[in-house]
Each structure stands twice: as structure tokens, then as C-alpha cells.
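Residue numbering restarts at 1 for every chain, and letters A, B, ... go by the order of the sequence lines. Remember, it's a predicted structure, so these values are computed and weren't measured experimentally.
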Amino acid sequence: MPAFAWSTADRPTNEAAAIAEQERLRPLVRPYGPAPSPDPGVASGSGATPDDRLIAGVDVAYDEERDLVVAAAVVLDLDTLAVVEQTTAVDRVAFPYIPGLLAFRELPAVLGALGRLARTPGTVVCDGYGLAHPRRLGLASHLGVLTGLRTIGVAKTPFTFDHHEPDAPRGSWSPLTDPATGEEVGRAVRTRAGVKPVFVSVGHRIGLTEAVDTTLALARRYRLPETTRHADSLCRRTLAGLQRGTPTN
DNA sequence: GCGACAG
DNA sequence: ATCTTGTCGC
């Protein structure tokens, strides 16, 4: 997909600037829209036009010692869940881990990996939150606003939000609420019977129900979406290769 | 001030 | 995220 560099010069350097940037982008999020449809019709060649039959997963791995972040983007066919393409990108860790400001730490590298893809996926699944965020701009929403793509956030822990255990059957869910406002910011979704739920929230250009449906379609055999599993595996293997002096690819 | 806190 | 051993179960 078209490269979208987040120039070092434009990245917030401190916490206050980062929060101000989130406040600025926050109103640009569109928390509604359809789920990607598997067979819309014509394939969008191999260019800049987003292809709704393609869904990507992104994730990162760190080497704190050397201040490195390795991001991976893996594109799957929404119908078969087969891997269509995958890329990686290495960047310097330029922001500390601060709950609520994860995007500034991970997105630069993620954008680098996405920019190396030949095709443009219609949807991107992130490892983390979207609207379920103190300022309603978690990394999934932030990535959506920056790229204009439909995004979904699938996190592994409830962060600072409240929820009740969903019923045991796969597909069951319960609302994830913001203790401060009481509003539903996401849903705890049971992707596997009796297994700890995942926390789904809207990223950009999709509704909550649609985001949950998409997540369930991607997580049939395992708790986490196939997109996330592939991206996680790839960035970890790539980081291990770097630490060993093995060429990347 | 203290504790909690996506990855 | 990452650090870490063995262990229970499909």
C-alpha cells in the first residue's frame, strides 16, 4: 500500500504533546461502518485501492537493549484466511511505554511495515485498543485516522475498563465499559468456549457489532485472530533473527 | 501521594 | 512487551 511515513520530526517528543495530538485526531474517528465483505466483486488490482477481501494484522516486538522495534504486517484473504503477503520494518524505539500513549511507541514501525505491502488491505486488525481508550484514540483508532483504512482493536486484557465474564459458549460477549462514564467502549468476546475472552473495540470506519463479527470470523480455532497470531509470530522471528545477525526477509 | 495501567 | 520451567491437555 502507499507508504505513509510518520516523519521523526512530526512525532511528539513528550507526553503533553502526545496527548494534544490525540485530542486533535480524536474527532476524526468514524465509529461506524460495515464489516468487510468477503466477496464484494471486482478485485482491486495490486495498488493503492483498498481491497476489502484482504485483511491485515499488525504487531511489534522489542529489543529494549538496543532500542529497536520490529513491526510486522501480514495480509490474509478474508475468505480462506490464507496468507497473501507479509512485510516487516525495523525502527528505533522513540517513545517510552506509557499507558494511553502506546501509539507513539508502536505506530511508526507499523506504518513502515504497512508501507512495504504491495497490496492495500481494506481492514487492519491491531493488537490493542481503539475507542476503548482514556481519550478515545487508542492505537487502532489512531492508525485508522492516519491511513484512512478500516481498523479494529483486539486486546488481550481489560486495561482500565470494567466487564463481566461472558457466558461460556463461543460468540458470547458482555459490554466493556468505561468506569468514569459508564459508556460501552468495547466488548469482552468469547472466541473459544470456556477460554478467557478478548477485548474488541472499534478502531475506525466500522461499528462495534461489525468489529465483533469480524473478530469472530478471524478467531475460529484459537483465542486470538489469525491476523494477530501471524503478525506476532513474524515480528518475533524477525527480531530473533536480528539479534543473531541473520538477514531479514 | 498511592495504586492501576493496551503492548 | 519481556524475563522464565515445567506441566497439563488436545
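- Evaluation of A:Tyr62 against the base of B:dG7 yields no stacking contact (centre distance < 5.5 Å, interplanar angle < 30° required).
- Here the side chain of A:Pro99 is nearest to one of B:dG7, C:dT2, B:dC5, namely B:dC5.
- Heavy atoms of A:Gly100 sit under 4.0 angstrom from at least one base atom.
- Between B:dG7 and A:Lys156, a contact under 4.0 Å exists linking OP1 or OP2 to a side-chain N or O.
- Among the atoms of the strands shown, only primed sugar atoms or phosphate atoms (P, OP1, OP2) are found under 4.0 Å from some heavy atom of A:Ala61.
- Each of B:dA6, B:dG7, C:dT2 was ranked by its minimum atom distance to the side chain of A:Leu239; first place goes to C:dT2.
- Computed from coordinates, the A:Arg192 CZ to C:dG9 C1' distance equals 11 Å when rounded to whole Å.
- Under a cutoff of 6.0 Å and an axis angle of 45°, A:Arg229 and A:Tyr222 form a cation-pi pair.
- Residue contacts for A:Arg236: at a heavy-atom cut-off of 4.0 Å it reaches the sugar-phosphate backbone alone, with no base atom in range.
- At least one test fails for A:Arg136 against the ring of A:Tyr129: distance under 6.0 Å to the centre or angle within 45° of the axis.
- To the nearest angstrom, P of B:dA6 lies 13 Å from CZ of A:Arg105.
- Between A:Thr160 and B:dA4 there is no side-chain N or O to OP1 or OP2 distance below 4.0 Å.
- Exactly one residue among A:Val124, A:Leu139, A:Val125, A:Thr123 makes a side-chain contact (heavy atoms from CB on, under 4.5 Å) with A:Thr151. That residue is A:Val124.
- For the pair A:Asp67 CG and C:dA1 C1', the computed distance is 14 Å after rounding to whole Å.
- Atom OH in A:Tyr97 sits about 17 Å away from atom C1' in C:dC3, given to the nearest Å.
- Atom pair A:Ile98:CD1 and B:dG3:P shows a separation of 19 Å (rounding to whole Å applied).
- The interatomic distance linking A:Gln243 (CD) with C:dA1 (C1') rounds to 13 Å, in whole Å.
- Put simply, NE2 on A:His133 is 20 Å from P on B:dA4, counting in whole angstrom units.
- Here A:Leu101 lies in heavy-atom contact (under 4.0 Å) with a base.
- Heavy atoms of other residues, nucleotides or ligands lying less than 6.0 angstrom from CZ of A:Arg135 number more than 12.
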Set out, in order, the CA-CA distance, both residues' side-chain angles and the distance that settles salt bridge (charged side-chain N to carboxylate O under 4.0 Å, His left out) for A:Lys156 and A:Asp127, then state yes or no.
CA-CA 8 Å; A:Lys156 300 181 289 295; A:Asp127 197 349; 2.9 Å; yes
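- One interatomic measurement links the two molecules: CG of A:Asp232 to P of C:dT2, which rounds to 8 Å at whole-angstrom precision.
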